[in-house]
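Every chain is numbered from 1, with letters handed out A, B, ... down the list of sequences.
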Number of protein chains: 2
Amino acid sequence: MPGIPNDQIIDEMESLLNIASDFTRLKIMYAISEGERSVGDIVAEVGASQSLVSHQLKVLRKANLVSTRKDGTRVYYSLADDHVIALLNVVYEHVTEE
Amino acid sequence: MPGIPNDQIIDEMESLLNIASDFTRLKIMYAISEGERSVGDIVAEVGASQSLVSHQLKVLRKANLVSTRKDGTRVYYSLADDHVIALLNVVYEHVTEE
DNA sequence: TTATTATATGAACACACATTCATATTTCAA
DNA sequence: TTGAAATATGAATGTGTGTTCATATAATAA
């Protein structure tokens, strides 16, 4: 990969990384990494308030990192594609090597 | 990978992603991705002010994402390890797929 | 020494955004 | 309908940080 990508690409990379670089959102992404989960399930597993989880789910949705499916009163969230997992894995590996 | 990593891991992941999620720092990392470069070279290639580049190099250095070598009045920076490139690649690929 | 080049640093400002609290909306059951 | 459960939203606040400007430090040459 020769040279620095153009500004638009860099901008989009910055945006994606910004979305990913948040404690609550990281937990949410892991919470749905093995399949769709309802908001209630995510709230329980992440251990944050319902409001915060809902706000952050909206951020993830707006960035197209998650998909939704509605069923009755519940909404099920899942990761939009495999790149997200790949990103989490690369970062996880960097962090867990002494 | 079963379950959400513990809070400390998530914290460190957040930190790394935070460092990476900046327009100027992304450009700097690309500028030194093919080998060490002096601050002056980086300033020229990135197209930001000397002060800004120096400030952001300090951020990258503090996070151990870059290494330095001093030679006379010049300081040469290079990426600390291959994880950084791997991270950039994953993000780049995500962004450049329609 | 003095001058010049290369790099680093400190203060200040502006702006973005994560979180909380309160409330609204939706869906379904009784 | 009324009530309860699940989810979403809006406002307000506090904190973090990217950038600029001015200046400091370090190294070398003349």
To the nearest Å, how far apart are [X] [atom1] and [N] [atom2]?
X      : N       : atom1 : atom2 : answer
D41(B) : dT5(C)  : CG    : C1'   : 14 Å
K62(A) : dA16(C) : NZ    : C1'   : 13 Å
L52(B) : dT7(C)  : CG    : C1'   : 14 Å

Just checking, any donor-acceptor pair under 3.5 angstrom between side chains of S38(A) and D41(A)?
->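 Their side chains do contain a donor-acceptor pair, which is all the 3.5 Å distance test asks for.
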
Output the single nucleotide from [options] whose closest atom is nearest the side chain of [X].
X      : options                  : result
R74(A) : dA6(D), dA8(C), dT9(D)   : dA6(D)
T73(B) : dT7(C), dA6(C), dT9(C)   : dA6(C)
S54(A) : dT7(D), dT7(C), dA26(D)  : dT7(D)
H55(A) : dT7(D), dT19(C), dA27(D) : dT19(C)

Quick one, which residues of residues 12-37 of chain B touch DNA chain D with a heavy atom under 4.0 Å?
->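 Under 4.0 Å from DNA chain D: D22(B), T24(B), R25(B).
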
Between atom [atom1] of [X] and atom [atom2] of [Y], what is the distance when rounded to the nearest 0.5 Å?
X      : Y      : atom1 : atom2 : value
L52(A) : F23(A) : CG    : CZ    : 10.5 Å
H83(A) : Y92(B) : NE2   : OH    : 12.5 Å
R74(A) : R69(A) : CZ    : CZ    : 11.5 Å

At under 4.0 Å between heavy atoms, what does Y77(B) touch on the DNA or RNA strands: base, sugar-phosphate, or nothing?
->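 Sugar-phosphate, no base atom in range.
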
Answer with yes or no whether [X] presents, from its side chain, a donor or acceptor under 3.5 Å of a partner atom in the base of [N].
X      : N       : result
Q56(A) : dA18(C) : no
S51(A) : dT9(D)  : yes
Q50(A) : dA8(D)  : yes

N or O in side chain of K58(A) less than 4.0 angstrom from dT9(D) OP1/OP2 |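 Yes, because at least one side-chain N or O of K58(A) sits under 4.0 Å from OP1 or OP2 of dT9(D).
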
For dT27(C), take OP1 and OP2 only and decide whether either is under 4.0 Å from a side-chain N or O of K70(A).
->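 Yes.
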
Does the side chain of E36(A) come within less than 4.5 Å of I32(A)'s, by heavy atoms?
->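 No, too far: nothing below the 4.5 Å cut-off.
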
State, with a plain yes or no, whether a side-chain heavy atom of V53(A) is found less than 4.5 Å away from one of L57(A).
->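 When only atoms from C-beta onward are counted, L57(A) and V53(A) do touch, with a gap below 4.5 Å.
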
For D82(A), look at atom CG and say whether over 12 heavy atoms of other residues, nucleotides or ligands are found less than 6.0 Å away.
->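 For D82(A), atom CG is not crowded (no more than 12 foreign heavy atoms under 6.0 Å).
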
